[in-house]
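Notes follow once the structure below has been shown.
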Protein chains: 2
Amino acid sequence: MSASVDNFLKTIYLISNEVQGVVTGTLIASRLNISAAAVTDMTRKLATRGLVNYTPYREIGLTTTGEQQALKIVRRHRLWELFLHETLGMDLKEVHDEAERLEHHASDRLIDCIEQFLAHPRFDPHGEPIPDKNGMLTQIKDAIELIDATPDEDYIICSIRIQKSEVFDIFTHYDIRPGKHIKVVRRFDFDNSLEVQINNQNILLSNTLACKILCTKN
Amino acid sequence: MSASVDNFLKTIYLISNEVQGVVTGTLIASRLNISAAAVTDMTRKLATRGLVNYTPYREIGLTTTGEQQALKIVRRHRLWELFLHETLGMDLKEVHDEAERLEHHASDRLIDCIEQFLAHPRFDPHGEPIPDKNGMLTQIKDAIELIDATPDEDYIICSIRIQKSEVFDIFTHYDIRPGKHIKVVRRFDFDNSLEVQINNQNILLSNTLACKILCTKN
DNA sequence: ATAAAATATTAAGCTTACTTAATTTTGTAT
DNA sequence: ATACAAAATTAAGTAAGCTTAATATTTTAT
């Protein structure tokens with residue numbers, strides 16, 4: 001698979017997994033910064049390869065094989081992002097573009113090495129789930145707000161809701177971010193705030209903050 | 001620069017740095033697995049870009065700019081090889097092919113991160129010198145055999161001479177390999193063997209073994 | 001010195017992944 | 001129902017990086 005094909009499949013996958021994600025040619029074109037004509041060309045080609053379902057003038061969709069391929073690229077992308085950020089200390093703003101290129105040029109073997117090195121992470125640094133080798137991903141839709149977590153059980157943070165920079169600073173300060181383990185130690189009913197354990201520290205979180213943290217049972 | 005151009009310049013550089021390295025079109029073609037015609041095409045193109053010196057039917061050479069470019073790719077290749085082996089635990093046999101692809105697709109920024117992560121290494125896992133950001137490299141020709149090292153001074157292993165597998169096993173066992181720091185603690189004149197310090201251990205090396213280790217002063 | 005071998009070049013053509021411009025189809029608003 | 005806008009398609013063309021086959025030049029061996 002070429003990088004172009006990879007990106008094409010990945011883009012269709014990502015669009016169709018957005019809310020109201022309708023995969024139109026113009027949308028693909030604008031995401032990939034190519035012309036609509038190029039999209040038609042590629043779509044026809046990938047249809048003959050059995051990777052996309054295509055009827056002229058109709059919506060474009062992935063076949064099962066196509067989706068598997070797309071998930072493989074998404075997996076590669078998210079593992080690279082996490083690795084670049086976590087291991088090599090690259091800034092969150094830098095990792096996307098870098099991963100965008102590396103995802104096409106690492107062998108399966110290297111991707112496995114990275115996954116192992118990172119101890120089989122389930123979420124990338126943006127909180128997006130990382131598909132496993134079989135394309136399975138921990139659904140964010142199974143996630144709950146930390147405020148609803150069962151006390152004393154181990155959770156993993158999936159993502160943190162879009163936030164103002166001051167709120168962002170609090171999370172950064174306590175190193176509260178996707179992938180981290182977290183446990184509710186105590187609930188304070190009088191103001192619905194929580195005492196949580198994370199990074200071997202106990203921290204008090206207001207109700208507002210606790211609602212911003214999405215997590216899944218470990 | 002495209003990957004094709006990168007590889008072309010790198011190949012010329014590597015050939016011309018071999019013993020009796022005469023850069024002929026057929027040699028380039030066979031190293032890159034492309035036709036001789038493709039080599040002529042590329043050579044003409046790169047000549048107009050000022051990267052190679054070209055006179056039809058004559059030997060091909062790099063301009064100063066071309067050599068700088070080549071050194072940049074060599075640097076990337078060797079840093080990747082070391083990183084894949086050292087950090088991600090990939091086998092020495094696997095790292096070349098992997099680095100061969102990654103070298104073209106990492107940003108300068110990522111390469112710097114990797115270099116920093118590895119603490120500015122001077123040799124790759126095969127013992128080849130890694131060009132620094134300015135294209136300077138620690139010359140192997142400045143290297144001496146460990147047997148000739150001044151006692152109590154700090155040396156860095158550059159490379160280890162081609163060896164039988166049993167000898168290889170000894171070096172592997174004591175983790176004696178390129179990039180490692182080593183110091184001669186004592187010389188035994190009666191059999192020209194050495195006691196050396198490496199990896200916080202003192203080890204006895206026969207004269208035969210000590211002659212296989214090439215090193216430079218730190 | 002010259003023929004044969006080795007090497008390099010030229011010419012023509014291919015594939016991939018695009019482009020723009022013109023045309024067709026579809027969806028929508030009245 | 002129909003006109004129009006939006007979207008998709010087709011047609012023709014481009015650049016990079018190759019290929020093979022034919023041709024030219026250089027090197028080597030006698």
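In the text below, chain A, chain B and the rest are named by the order of the sequence lines, each starting its count at 1.
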Requested in this report: For Ser16(B) and Val23(B), work out which heavy atoms get closest and say how close.
Outcome: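 Looks like CB-CG2, 3.7 Å.
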
Less than 4.0 Å between a side-chain N and a carboxylate O, is that true for [Y] and [X]?
{"X": "Glu94(A)", "Y": "Arg101(A)", "value": "no"}
{"X": "Asp175(A)", "Y": "Lys180(A)", "value": "yes"}
{"X": "Lys212(A)", "Y": "Glu145(A)", "value": "no"}
{"X": "Arg122(B)", "Y": "Asp132(B)", "value": "no"}
{"X": "Arg177(B)", "Y": "Glu86(B)", "value": "yes"}

Report task. Scan residues 29-42 of chain A against DNA chain C and write down, sorted by residue number, each residue with any heavy atom closer than 4.0 Å; if none is found, say none. Result ->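 Heavy-atom cutoff 4.0 Å gives Asn33(A), Ile34(A), Ser35(A), Ala37(A), Ala38(A), Asp41(A).
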
Query raised in the report: Hey, which of His85(A), His77(A), His126(A) is the one that makes ring pair (Phe, Tyr, Trp, His ring centres under 6.0 Å) with His96(A)?
Result: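 Among the candidates, only His77(A) passes.
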
Query raised in the report: For Tyr54(A), which contact category applies under a 4.0 Å heavy-atom criterion: base, sugar-phosphate, or nothing?
Result: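 Here Tyr54(A) touches the backbone only, sparing every base.
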
Compile the donor-acceptor pairs under 3.5 Å between side chains in residues 2-11 of chain A and protein atoms, sequence neighbours left out, one pair per line.
| unit_1 | atom_1 | unit_2 | atom_2 | d |
| --- | --- | --- | --- | --- |
| Ser2(A) | OG | Ser4(A) | N | 3.4 |
| Ser2(A) | OG | Val5(A) | N | 3.2 |
| Asp6(A) | OD2 | His104(A) | ND1 | 3.1 |
| Asn7(A) | OD1 | His104(A) | NE2 | 3.1 |
| Asn7(A) | ND2 | Ala3(A) | O | 3.4 |
| Lys10(A) | NZ | Glu100(A) | OE1 | 3.3 |
| Lys10(A) | NZ | Glu100(A) | OE2 | 2.7 |
| Lys10(A) | NZ | Glu103(A) | OE1 | 3.4 |
| Lys10(A) | NZ | Glu103(A) | OE2 | 2.7 |
| Thr11(A) | OG1 | Asn7(A) | O | 2.6 |

Report task. Assess the side chains of Asn192(A) and Asn207(A): does a donor N or O sit below 3.5 Å from an acceptor N or O? Result ->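 Side chains of Asn192(A) and Asn207(A): no pair found under 3.5 Å.
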
Query raised in the report: In degrees, rounded to 10°, what is the bend between the two ends of the helix from dA1(C)-dT30(D) to dT30(C)-dA1(D), using five pairs at each?
Result: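 Axis-to-axis angle, ends of the helix: 0°.
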
Query - Among Leu194(B), Thr150(B), Leu205(B), side chain to side chain contact (heavy atoms under 4.5 Å, CB included) partner for Val184(B) - result: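 Only one of Leu194(B), Thr150(B), Leu205(B) forms a side chain to side chain contact (heavy atoms under 4.5 Å, CB included) with Val184(B), namely Leu194(B).
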
Requested in this report: Please list, in 5' to 3' order, the outermost nucleotides of DNA chain D lying under 4.0 Å from any heavy atom of chain B.
Outcome: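 Contacts span dG17(D) to dT27(D), reading 5' to 3'.
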
Query raised in the report: Met1(A) has an atom CE; how far is it from atom P of dT15(C), in whole Å?
Result: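 Those two atoms, CE and P, are 19 Å apart.
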
Query raised in the report: For Phe8(A) and dT16(C), what is the distance between atoms CZ and P respectively, to the nearest whole Å?
Result: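 Spelled out: CZ on Phe8(A) to P on dT16(C) is 15 Å.
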
For a quick test of your reading: what N or O donor-acceptor pairs under 3.5 Å do the side chains of residues 33-46 of chain B make, sequence neighbours left out?
| unit_1 | atom_1 | unit_2 | atom_2 | d |
| --- | --- | --- | --- | --- |
| Ser35(B) | OG | Ala38(B) | N | 3.2 |
| Thr40(B) | OG1 | Ala36(B) | O | 3.4 |
| Thr43(B) | OG1 | Val39(B) | O | 2.6 |

Requested in this report: Anything under 30° is parallel, anything over 60° is perpendicular, the rest tilted; go ahead and classify Phe83(A) against Phe117(A).
Outcome: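 Aromatic pair Phe83(A)/Phe117(A) classed perpendicular.
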
Nucleotide N/O of nucleotides 25-29 of chain C paired with protein N/O under 3.5 Å:
| unit_1 | atom_1 | unit_2 | atom_2 | d |
| --- | --- | --- | --- | --- |
| dT25(C) | O4' | Tyr57(A) | OH | 3.4 |
| dG27(C) | OP1 | Arg58(A) | NH1 | 3.4 |

Report task. Check the surroundings of atom CD in Gln116(A): do more than 12 heavy atoms from other residues, nucleotides or ligands lie under 6.0 Å from it? Result ->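 Open.
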
